[in-house]
Amino acid sequence: MDRAHRNLAVAVGAAKDQAKQILSQLERQGHAHSGRSSTLYLALVMIHQQVQAADPSSVPLKHFLPDLEQLTRRCEGTLAPVKPLLEAAVRLAREEGEGGA
């Protein structure tokens with residue numbers, strides 16, 4: 001894994017961990033509407049695994065950009081703490097896509 005992919009994996013991993021904390025908190029509180037949190041967490045798990053497994057020579061970081069941008073838009077209300085972490089991941093993917101990483 002090259003440096004850019006490692007950096008993105010760390011950023012997505014941090015967002016995933018934050019989403020898991022929110023989901024766990026909602027579940028402990030017996031919150032009936034934890035579906036959005038669960039969906040976000042599972043999507044981040046998948047993206048994190050894909051970034052870690054990606055061959056840098058064939059899967060550029062910009063490949064993950066649409067999914068990361070879509071997830072960023074979903075981070076409202078209870079999920080707001082995840083948004084800055086995803087925005088950082090989006091920046092990393094964009095920089096690589098523009099040749100900056």
Side-chain angles (χ1 to χ4, degrees):
M1 183 184 310
D2 68 0
R3 183 173 161 184
H5 278 72
R6 248 190 332 272
N7 290 343
L8 185 60
V10 169
V12 172
K16 174 186 66 104
D17 292 345
Q18 181 67 43
K20 177 62 176 172
Q21 286 180 352
I22 292 169
L23 176 60
S24 295
Q25 181 181 20
L26 290 173
E27 288 174 341
R28 277 193 307 275
Q29 294 172 352
H31 202 280
H33 302 288
S34 60
R36 279 185 40 224
S37 299
S38 179
T39 300
L40 177 65
Y41 171 68
L42 293 174
L44 288 169
V45 167
M46 289 177 45
I47 293 171
H48 189 244
Q49 290 173 345
Q50 291 170 355
V51 171
Q52 289 182 313
D55 175 4
S57 64
S58 62
V59 182
L61 295 186
K62 65 184 175 182
H63 168 81
F64 302 103
L65 197 51
D67 291 333
L68 292 170
E69 289 173 330
Q70 181 182 16
L71 293 175
T72 301
R73 289 189 295 272
R74 293 182 180 178
C75 292
E76 299 172 341
T78 306
L79 298 174
V82 181
K83 190 170 189 168
L85 300 169
L86 278 172
E87 289 171 339
V90 166
R91 279 192 301 276
L92 288 170
R94 275 195 188 127
E95 288 172 7
E96 192 269 350
E98 295 169 355

Quiz item: Quick one: do Leu40 and Leu65 end up in the same hydrophobic cluster if we chain Ile, Leu, Val, Met, Phe, Trp and Tyr together by side-chain heavy atoms under 4.5 Å apart?
Solution: yes
Self-check item: Separation of His63 NE2 from Ser58 OG (nearest 0.5 Å)
Solution: 9.5 Å
Quiz prompt | Rounded distance (nearest 0.5 Å) linking atom NE2 of His5 with atom CZ of Phe64 | solution = 5.5 Å
Quiz item: For residues 13-28, which residue pairs qualify under salt bridge (charged side-chain N to carboxylate O under 4.0 Å, His left out), counting only residues two or more places apart or in two chains?
Solution: none
Quiz item: Is there a path of hydrophobic side-chain contacts, each under 4.5 Å between heavy atoms of I, L, V, M, F, W or Y residues, that connects Val82 with Val90?
Solution: yes
Quiz prompt | salt bridge (charged side-chain N to carboxylate O under 4.0 Å, His left out) contacts touching residues 68-90 (sequence neighbours left out) | solution = Glu69-Arg94
Quiz item: Roughly how far, to the nearest 0.5 Å, is CD of Glu95 from CG of Asn7?
Solution: 9.5 Å
Quiz prompt | Distance in Å, Gln70 CD paired with Cys75 SG, rounded so as to fall on 0.5 Å steps | solution = 11.0 Å
Quiz item: If you look at every heavy atom in Gln52 and Ala9, which pair is closest and at what distance?
Solution: CG-CB, 4.0 Å
Quiz item: What is the distance from atom CG of Leu23 to atom OG1 of Thr39, rounded to the nearest 0.5 Å?
Solution: 9.5 Å
Quiz item: Between Leu85 and Ile22, is there a shared hydrophobic cluster once you connect ILVMFWY residues whose side-chain heavy atoms come closer than 4.5 Å?
Solution: no
Quiz item: Taking a hydrophobic cluster as the set of Ile, Leu, Val, Met, Phe, Trp and Tyr residues connected by side-chain heavy atoms closer than 4.5 Å, whether directly or through intermediates, do Leu68 and Val59 fall within one such cluster?
Solution: yes
Self-check item: side-chain contact (heavy atoms from CB on, under 4.5 Å), paired with Gln49, selected from Val51, Ile47, Val45
Solution: Val45
Quiz item: Under 4.5 Å between any side-chain heavy atoms of Val12 and Leu86, yes or no?
Solution: no
Practice problem: Output the distance between atom CG (Leu79) and atom CG (Leu26), rounded to the nearest 0.5 Å. | Solution: 8.0 Å
